[in-house]
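Notes follow the structure.
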Amino acid sequence: MTIARTLSFFLALLVGSALVAVVGIVVGVRTRNPRVLRFTRTMQRDVLNRRALQDAGTPGSPWAVVRVPGRTSGRVYDTPVGVQRVGDELYISLPYGEGAQWVRNVRAAGGATVVHDGREIEATTPELVPIAGTPMSGADRVAVAIFGVTHALRLRAESSTPVSAR
C-alpha cells in the first residue's frame, strides 16, 4: 500500500467514525437516552459553554445567558442559551428536555436573570410550553427537527436594564 492510499484509508476511517458519533448523539438525544444525554450535557457544559459564555448576552451575539442560583448550593450559575423575545415573553428551546439542571433551577427559583442583547432582564413565571406554538419552532427549525425538541421554557420579562461593561 502506498502512503497516499494509507492516508486516504485513515482519513476515510476518521470521517466515518465522526459521522457515526454524530448520528449516535442525534439519535440518543432524540430518543432521550440517559447515557447520551449525560454525555452531551457534560460536553456542552465543560467544553462548548465556556466558549459561548465569552460573548453571550452581548449585542449581536446569538447566545443569551441564564443566570440562576442552584437549588441546593445557592451558587449562581451562568448557562448560555438561545433566546427569542416577543414583547414581554422570552422563549428558550430545551434540546435536552426539562430535566436539565439549569431548567430545574429556574423553575425552582420562580425565574432568573437573562442577559440578552446587552441587557439584564429579570424574568419570572417559568412555564414549559410546546415548542410548536413558539417563535423557536421557526427560528431554530433545523435544530428543533434534528434533535426532536418538543418543549420550550417561556419566561415573562419583568424589568430590563443595560449591562455594565464586562
Any salt bridge linking R107 with E98? Criterion: basic side-chain nitrogen under 4.0 Å from a carboxylate oxygen.
no
Can you see which heavy atom on [X] is nearest to which on [Y], and at what distance?
| X | Y | answer |
| --- | --- | --- |
| V68 | A109 | CG2-CB, 4.0 Å |
| A157 | I121 | CB-CG2, 3.5 Å |
| V149 | P95 | CG2-CA, 3.6 Å |
| A56 | A64 | CB-O, 4.0 Å |
| T134 | A152 | CG2-CB, 4.1 Å |
| R104 | G99 | CD-O, 3.3 Å |

Does the side chain of R156 come within less than 4.5 Å of E127's, by heavy atoms?
no
Between [X] and [Y], is there shared hydrophobic-cluster membership here, with clusters defined by ILVMFWY side-chain heavy atoms closer than 4.5 Å?
| X | Y | result |
| --- | --- | --- |
| L90 | L94 | yes |
| V66 | V115 | no |
| V114 | V163 | no |
| V106 | V81 | yes |
| V65 | Y77 | no |

Closer than 3.5 angstrom, by distance alone: can the side chain of [X] be matched with the main-chain N or O of [Y] as a donor-acceptor pair?
| X | Y | answer |
| --- | --- | --- |
| R35 | L37 | no |
| D78 | R67 | no |
| D117 | G60 | yes |
| S61 | T58 | no |

Interatomic spacing from [atom1] in [X] to [atom2] in [Y] - rounded to 0.5 Å:
| X | Y | atom1 | atom2 | result |
| --- | --- | --- | --- | --- |
| I92 | R154 | CD1 | CZ | 12.5 Å |
| D88 | S159 | CG | OG | 10.5 Å |
| L19 | L14 | CG | CG | 11.5 Å |

Step by step, work out the side chain to side chain donor-acceptor pair (under 3.5 Å) result for E122 and T113.
CA-CA 5 Å; E122 291 306 318; T113 300; 2.9 Å; yes
